[in-house]
Protein chains: 4
Amino acid sequence: MGNSLGKLFTVTSFGESHGSCMGTVIDGCPAGLPLAAEDIQVDVDRRKPGPGAASTTRVEEDRVEILSGVFNGKTTGAPICLLVWNKDADSSQYEKMRFLPRPGHADYTAFIKYGGFNDFRGGGRFSGRVTVTMVMAGAIARKLLGQLGIEVLAHTIEIGGVKASPKGIDEIRQNVYRSPVRCADPEAAAEMIKVIERAKEEGDSIGGAVEGIALNVPAGLGEPIFDTLEGELARALFAIPAVKGVEFGAGFSVAGKRGSENNDPFIIRDGKIVTATNNAGGILGGISSGMPVVARVAVKPTPSISRTQQTVDLSTMESASLAVKGRHDVCVVPRAVTVVESMMAATLCDFALRAGIMPRVIK
Amino acid sequence: MGNSLGKLFTVTSFGESHGSCMGTVIDGCPAGLPLAAEDIQVDVDRRKPGPGAASTTRVEEDRVEILSGVFNGKTTGAPICLLVWNKDADSSQYEKMRFLPRPGHADYTAFIKYGGFNDFRGGGRFSGRVTVTMVMAGAIARKLLGQLGIEVLAHTIEIGGVKASPKGIDEIRQNVYRSPVRCADPEAAAEMIKVIERAKEEGDSIGGAVEGIALNVPAGLGEPIFDTLEGELARALFAIPAVKGVEFGAGFSVAGKRGSENNDPFIIRDGKIVTATNNAGGILGGISSGMPVVARVAVKPTPSISRTQQTVDLSTMESASLAVKGRHDVCVVPRAVTVVESMMAATLCDFALRAGIMPRVIK
Amino acid sequence: MGNSLGKLFTVTSFGESHGSCMGTVIDGCPAGLPLAAEDIQVDVDRRKPGPGAASTTRVEEDRVEILSGVFNGKTTGAPICLLVWNKDADSSQYEKMRFLPRPGHADYTAFIKYGGFNDFRGGGRFSGRVTVTMVMAGAIARKLLGQLGIEVLAHTIEIGGVKASPKGIDEIRQNVYRSPVRCADPEAAAEMIKVIERAKEEGDSIGGAVEGIALNVPAGLGEPIFDTLEGELARALFAIPAVKGVEFGAGFSVAGKRGSENNDPFIIRDGKIVTATNNAGGILGGISSGMPVVARVAVKPTPSISRTQQTVDLSTMESASLAVKGRHDVCVVPRAVTVVESMMAATLCDFALRAGIMPRVIK
Amino acid sequence: MGNSLGKLFTVTSFGESHGSCMGTVIDGCPAGLPLAAEDIQVDVDRRKPGPGAASTTRVEEDRVEILSGVFNGKTTGAPICLLVWNKDADSSQYEKMRFLPRPGHADYTAFIKYGGFNDFRGGGRFSGRVTVTMVMAGAIARKLLGQLGIEVLAHTIEIGGVKASPKGIDEIRQNVYRSPVRCADPEAAAEMIKVIERAKEEGDSIGGAVEGIALNVPAGLGEPIFDTLEGELARALFAIPAVKGVEFGAGFSVAGKRGSENNDPFIIRDGKIVTATNNAGGILGGISSGMPVVARVAVKPTPSISRTQQTVDLSTMESASLAVKGRHDVCVVPRAVTVVESMMAATLCDFALRAGIMPRVIK
């Protein structure tokens with residue numbers, strides 16, 4: 001249990017890193033949406049970091065297949081199963097590490113929870129590869145949101161202490177996928193690449209932060225008091241491996257702020273009610289305000305590092321040490337950008353259906 | 001919809017600030033738990049800030065009544081309805097502010113979402129008073145977790161830029177509810193009170209941050225990939241009005257960290273596997289590790305301030321200004337402490353039931 | 001857990017027969033619906049059988065109170081808590097029967113499931129009184145469905161072997177609540193009353209059947225393959241105590257039918273597609289067809305009879321006998337009529353919201 | 001939405017009759033259960049009627065593949081995706097029938113609900129082939145229930161008016177899958193085959209009824225008042241295409257019964273509390289009593305018949321006639337037997353997890 005997300009736009013994920021495939025079933029997609037494997041392929045490809053980002057050398061071909069729910073090029077209203085077959089998985093080194101949980105990974109907690117029966121190869125169900133299933137679902141969600149004029153963007157705002165300068169929406173749109181590190185600020189991006197290279201040389205890894213932005217979200221999405229827009233977005237974003245913090249608008253900076261500076265005054269612009277600032281990140285009382293929805297996530301450094309680390313041998317309960325060999329991203333932040341877009345889109349789609357503003361049939 | 005939380009330990013909240021009552025229905029509480037109104041009263045009382053915290057002068061008597069689910073002093077397995085009747089509500093000023101949404105409040109988004117039919121008096125369903133319903137549910141959750149030896153604590157770690165020094169668990173246990181601002185560090189607490197007083201004098205409000213800690217959580221709670229422990233805790237914590245950020249363990253600081261410093265090495269202590277550090281906040285791969293679960297939330301400054309603010313008159317669509325009179329907390333952080341405890345407890349209870357480790361009948 | 005029904009129109013029930021109250025929380029009701037306690041009182045009153053139906057002599061005053069979710073006479077979009085306080089409960093005889101499970105009642109299964117902690121007085125949570133909470137929710141659902149032109153009716157079609165002749169919709173509308181046994185066929189009703197009287201005289205009870213009909217249900221409600229209209233209606237109807245069978249349209253008679261007689265031919269009438277017959281009960285493939293939705297439920301005879309019955313003393317594990325004294329309905333079928341209407345209405349409301357055809361704000 | 005079943009043991013179905021595959025994702029299966037494709041293949045094969053039952057001549061090879069969730073021959077706790085690829089699908093005749101809804105089929109309601117975008121070939125998502133996805137899930141559920149000693153059986157009790165004589169459990173176990181019509185009474189089975197043959201000769205189809213029995217279900221499963229054992233079983237059983245009625249124990253016959261004959265007296269047998277009769281079908285108050293859980297479903301005659309039927313051309317809104325050619329079962333009752341077993345098993349599994357009696361790791 002726990003592998004489904006969403007009440008009306010429901011995403012069910014399956015597959016393991018070194019199993020036969022990664023798959024996702026989307027239930028609740030309105031009928032009539034034009035959809036081809038290529039539409040999803042675009043997002044799956046965008047998830048792969050550009051050259052120079054010191055990413056895994058594992059070849060992820062990841063050809064998306066649509067197994068159900070699409071007929072004559074359009075969605076049918078039936079559940080859509082999407083799949084990429086796994087290839088090029090090198091499982092050779094994992095057997096010997098079976099009882100040596102890698103610090104920072106889910107090896108230990110999965111071992112305890114599943115009684116040692118979990119597929120430990122490449123992290124199994126806890127591998128970053130699971131995000132492919134999120135991105136496939138997100139691609140459909142983004143197409144659906146497009147029907148309502150809603151756009152979801154994300155970009156890297158920090159890697160290893162290097163922070164991007166604030167950029168306008170147009171710059172973000174244009175620059176993100178041209179940058180190997182998915183950063184809209186070219187100068188910061190260059191610095192980030194250096195930081196990643198340095199960590200790589202030292203057998204280490206590095207963390208960062210990603211910002212997600214949803215534009216043209218109509219006021220009124222969110223179902224308080226428990227199914228708030230913040231809460232459901234956070235739940236979806238924390239499903240991304242390595243995310244350890246989620247904030248909206250002014251986020252943690254509100255701790256030091258006065259109400260008079262944090263409150264966003266209402267004003268009229270172009271005949272519409274907007275706020276002069278957006279410290280609320282587009283969400284008041286758990287409900288969208290019509291302003292851009294702005295979320296930021298903290299991404300921890302990849303736990304897999306080639307440096308020697310201390311652990312415990314679960315078979316002998318004795319101290320042990322290990323160094324994680326193999327092909328791993330030094331920094332998963334660039335990949336996380338597409339995943340953040342996907343999870344925000346899936347969540348917004350669910351709320352649009354709940355609010356009754358998404359048509360059940362698209363004509 | 002959206003007013004229920006939890007899959008097996010389900011909390012349903014109802015009531016408005018100036019309606020007849022605040023109530024909560026807890027479904028899924030195991031049978032046989034000794035429970036009296038006083039048990040819940042304790043937590044409801046703890047939610048009220050101590051003297052000197054510049055809190056609302058509204059008298060919240062809040063006598064808890066148990067309407068169902070308890071028989072002969074013990075829970076029956078049937079849904080438990082808990083209620084406090086509202087008293088001393090002064091609704092006089094709200095009618096004239098009906099079309100003047102207060103900046104930072106949910107007035108505007110609620111107006112749009114509910115077509116102007118929402119109960120706007122005192123914020124209605126979006127008032128901080130709704131947290132009473134969370135605390136009543138949390139009181140039961142905490143008693144249940146006690147059956148498993150799990151303890152949930154929270155404390156104020158920052159108000160208006162004043163940060164508390166790290167304190168040990170014993171100090172937190174002893175100091176928090178002696179401090180009007182719920183801070184375990186007496187020196188910082190004194191400073192925080194000053195900051196609050198200053199904001200009050202200036203007709204302003206102030207934000208802060210709260211840390212929640214769950215001790216003795218067994219390894220294995222959490223249902224990835226979507227129902228992660230982080231994600232479900234975050235969803236519950238974002239339901240608390242004013243929370244704009246949630247992080248676990250090292251949280252947002254991971255953005256600048258190396259894997260070699262952020263990974264928590266596994267070691268053996270007292271014959272058990274633990275981690276030498278707890279940057280993961282007790283959660284790896286969305287599953288509890290057996291280490292303390294540590295969450296931190298950012299609480300924005302109360303939107304209600306007596307300073308004049310800019311808004312729009314929804315009835316005329318013209319610019320307007322307003323100053324929020326009435327009785328409001330200058331800082332809701334001290335109240336939030338008990339609510340954070342409650343929401344963490346309710347979520348952990350749900351996971352304990354899902355994992356099958358909470359007995360369905362307590363003997 | 002298990003005390004909530006519906007995905008978007010969510011009904012949460014609480015309260016026990018001899019506890020302080022019976023209550024229900026409705027979450028997901030659109031804002032703007034005119035609603036007064038009297039609107040709900042009407043249905044609660046209709047649930048009480050007419051004179052002559054040999055019903056319980058327990059005085060059920062049952063004054064409905066609205067505790068939340070309504071403001072200025074209209075729903076607000078917030079959860080609506082409805083309550084009737086229990087009065088006139090005579091618990092005196094139950095203590096001595098605590099360990100003597102009544103055959104046909106839930107006494108034994110509740111004892112096992114809840115470890116003996118269940119409130120056994122008057123059946124506690126398993127009393128027919130729990131249907132008040134269903135009827136209160138149904139009253140709101142029926143008002144909402146009225147916004148879409150949907151009408152839900154029910155009537156007694158059999159009591160103790162006496163079957164009603166088929167009647168037209170108008171006759172059902174006019175006759176049902178004039179008949180003490182809620183039967184639209186006056187002659188059959190007279191016979192049913194005799195059957196009930198006879199059972200009463202003999203210290204026995206009697207079963208029957210109820211038919212529910214929903215008119216003007218638009219084609220397209222239902223979410224196959226698992227959330228079918230039949231399946232969700234059945235789930236709601238089986239929640240009514242004493243219901244042991246649910247069928248739609250031709251129901252169990254299909255077992256002996258040929259396809260050529262059971263298939264309903266499509267024809268055009270008044271420019272609309274309808275079926276010439278309605279063996280499908282208005283549901284094809286789990287989706288409404290636009291024809292009347294017709295469900296029938298079998299209601300078992302009240303388990304409480306004054307005749308001596310065989311049981312086991314749970315405290316000694318020895319055979320025992322008991323005769324149920326007190327005030328009980330000889331036949332609960334007349335009461336069930338209003339409850340069937342309520343449960344069908346609540347379910348249809350949920351599907352109307354899921355299909356996006358119910359407005360979220362009613363103007 | 002609507003394609004998932006179960007709260008903790010969650011079955012998500014996908015695939016269409018003439019699409020690429022039929023699949024199911026099972027989430028919530030405990031780790032450590034030995035599982036091979038062959039285990040599931042057995043049930044999938046049992047779903048095919050024996051020779052002589054006048055079944056479809058479509059070759060359903062249906063080789064089960066496990067795509068995820070199993071590692072080293074055991075379940076891992078991760079979601080299990082099971083798949084059979086579709087072959088031998090003859091879609092040629094469907095295009096011309098696209099706008100001619102077949103009476104008794106979901107063609108019309110699906111057309112309306114999904115705006116004509118549904119995959120209409122072979123009934124698409126509404127084909128009986130969708131039951132393969134139920135059977136695959138049921139196979140796992142049955143294995144899990146076996147861990148608790150629970151056994152689920154089903155058998156044909158009526159076809160076209162021919163009723164089987166009551167048989168003991170041993171006879172049912174031995175005879176059902178030897179009988180082409182899945183009937184434990186050999187004499188009735190022979191008659192049923194004749195009835196089917198006759199219908200076939202006349203270009204018609206025929207209905208029937210199936211009984212499902214779950215043995216060794218411990219007392220205490222079911223979560224009233226809404227998630228009753230009857231209600232959730234009914235919801236699952238109504239998901240089987242063609243089912244129009246569900247009853248438990250004495251079922252609809254209770255309508256004519258007295259309490260004194262319908263109540264099951266409690267007695268002690270072999271030191272355990274049982275009931276002398278089982279009119280309750282093993283369920284009291286929505287909770288299992290420890291007696292066999294007995295459900296019966298009515299299965300309507302296959303809508304597809306070669307006789308000419310009346311319909312409406314949806315493209316012209318004019319009357320039309322059609323005769324359904326192609327390969328169809330004259331009677332789907334024999335197939336339904338395995339599906340009834342599967343749906344009962346999946347539902348019981350879910351309740352066993354909810355009650356906390358199913359281990360999360362099987363050792």
Side-chain angles (χ1 to χ4, degrees), chain C residues 1-3 5 13 103-104 106 109 112-113 126 130 158 161 204-209 219-220 223-228 230-231 234-235 238-239 244-248 251-252 254-260 262-266 268 273 284-285 287 289 298 300-303 305 307 310-312, chain D residues 1-3 5 13 101 103-104 106 109 112-113 126 130 158 161 204-205 207-209 219-220 223-228 230-231 234-235 238-239 244-248 251-252 254-260 262-266 268 273 284-285 287 289 298 300-303 305 307 310-312:
Chain C
M1 61 188 131
N3 291 285
L5 183 82
S13 164
T109 53
I112 297 296
K113 182 171 187 71
F126 297 88
V130 82
E158 181 178 355
D204 216 333
S205 63
I206 195 80
E223 301 292 339
I225 61 167
F226 290 124
D227 297 357
T228 63
E230 288 122 327
R235 181 166 169 264
F238 274 116
K244 296 303 281 187
V246 172
E247 62 176 19
F248 297 90
F252 273 88
V254 298
K257 281 195 174 161
R258 288 285 184 92
S260 55
N262 190 59
N263 286 350
D264 302 308
F266 289 106
I268 294 183
I273 297 174
L284 286 169
I287 300 170
S289 68
K300 74 177 183 185
T302 325
I305 56 176
R307 290 189 177 192
Q310 193 178 356
T311 187
V312 170
Chain D
M1 63 190 129
N3 291 285
L5 183 83
S13 164
T109 52
I112 297 297
K113 184 172 186 69
F126 297 87
V130 81
E158 181 178 353
D204 216 333
S205 64
E223 301 292 338
I225 62 166
F226 291 124
D227 298 356
T228 63
E230 287 122 327
R235 182 167 169 264
F238 274 116
K244 296 302 282 187
V246 172
E247 61 175 20
F248 297 90
F252 272 88
V254 297
K257 282 196 174 162
R258 289 285 186 90
S260 57
N262 190 59
N263 286 350
D264 303 305
F266 290 105
I268 295 183
I273 297 174
L284 286 168
I287 300 169
S289 68
K300 74 177 183 185
T302 325
I305 55 175
R307 289 190 178 192
Q310 194 179 355
T311 188
V312 170

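Each chain gets a letter, A, B and so on, in the order its sequence line appears, and its residues count up from 1. These numbers come from a predicted model, not from an experiment. The basis for the numbers below is simple: all heavy atoms, side chains too, and nothing from hydrogens, waters or symmetry mates.
Chosen from C/Gly207, C/Ala255, C/Gly104, the residue pairing most often with chain D at heavy-atom distances under 4.5 Å is C/Ala255. Between chain C and the options D/Ile225, D/Val312, D/Thr228, the largest number of non-hydrogen pairs under 4.5 Å is found for D/Ile225. Counting heavy-atom pairs closer than 4.5 Å to chain C, the top-ranked of the candidates D/Pro265, D/Gly161, D/Ser205 is D/Ser205. With chain D as the partner, the residue from C/Asn263, C/Leu5, C/Asp264, C/Thr302 showing the most heavy-atom pairs under 4.5 Å is C/Asn263. Between chain C and the residues D/Ser13, D/Ala106, D/Gly259, the largest count of heavy-atom pairs under 4.5 Å involves D/Gly259. Of the residues considered (D/Val130, D/Ile112, D/Ile305, D/Ile268), D/Ile268 shows the highest number of contacts with chain C, using heavy-atom pairs under 4.5 Å. When the candidates D/Ala234, D/Pro224, D/Ser289 are compared by the number of heavy-atom contacts under 4.5 Å with chain C, D/Pro224 comes out ahead. With chain D as the partner, the residue from C/Ala219, C/Ala209, C/Gly231 showing the most heavy-atom pairs under 4.5 Å is C/Gly231.
Closest approach of C/Phe266 to D/Pro103, counting heavy atoms only: CE1-CA, 3.7 Å.
Distance check: C/Asp204 CG to D/Arg258 CZ gives 5.0 Å after rounding to the nearest 0.5 Å. The distance from the OG1 atom of C/Thr311 to the CD1 atom of D/Ile273 is 7.5 Å, given to the nearest 0.5 Å. Here CZ of C/Phe226 is found 16.0 Å from CE of D/Met1. Values are rounded to the nearest 0.5 Å.
Among residues two or more places apart in sequence or in another chain, the ring-ring contact (aromatic ring centres under 6.0 Å, His included) test is passed with C/Phe126 by none. Residues satisfying the salt bridge (charged side-chain N to carboxylate O under 4.0 Å, His left out) criterion with D/Asp227, sequence neighbours excluded, are C/Arg235, D/Arg354.
In terms of modelled atom types and a separation under 3.5 Å, the side chain of D/Thr109 and the main chain of C/Leu284 share a donor-acceptor contact.
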task: Quick one: do C/Lys300 and D/Lys257 satisfy side-chain contact (heavy atoms from CB on, under 4.5 Å)? Show the steps, please.
output: CA-CA 7 Å; C/Lys300 74 177 183 185; D/Lys257 282 196 174 162; over 6 Å; no
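Contact annotation for D/Glu158: only side-chain heavy atoms (C-beta onward) come within less than 4.5 Å of a heavy atom of chain C. If you measure heavy-atom distances from D/Asn3 to chain C, the contacts under 4.5 Å come from both the backbone and the side chain. Residue D/Arg307 touches chain C through its side chain alone, counting heavy-atom pairs closer than 4.5 Å.
Here the side chains of D/Lys244 and C/Glu230 are in contact, with some heavy-atom distance below 4.5 Å.
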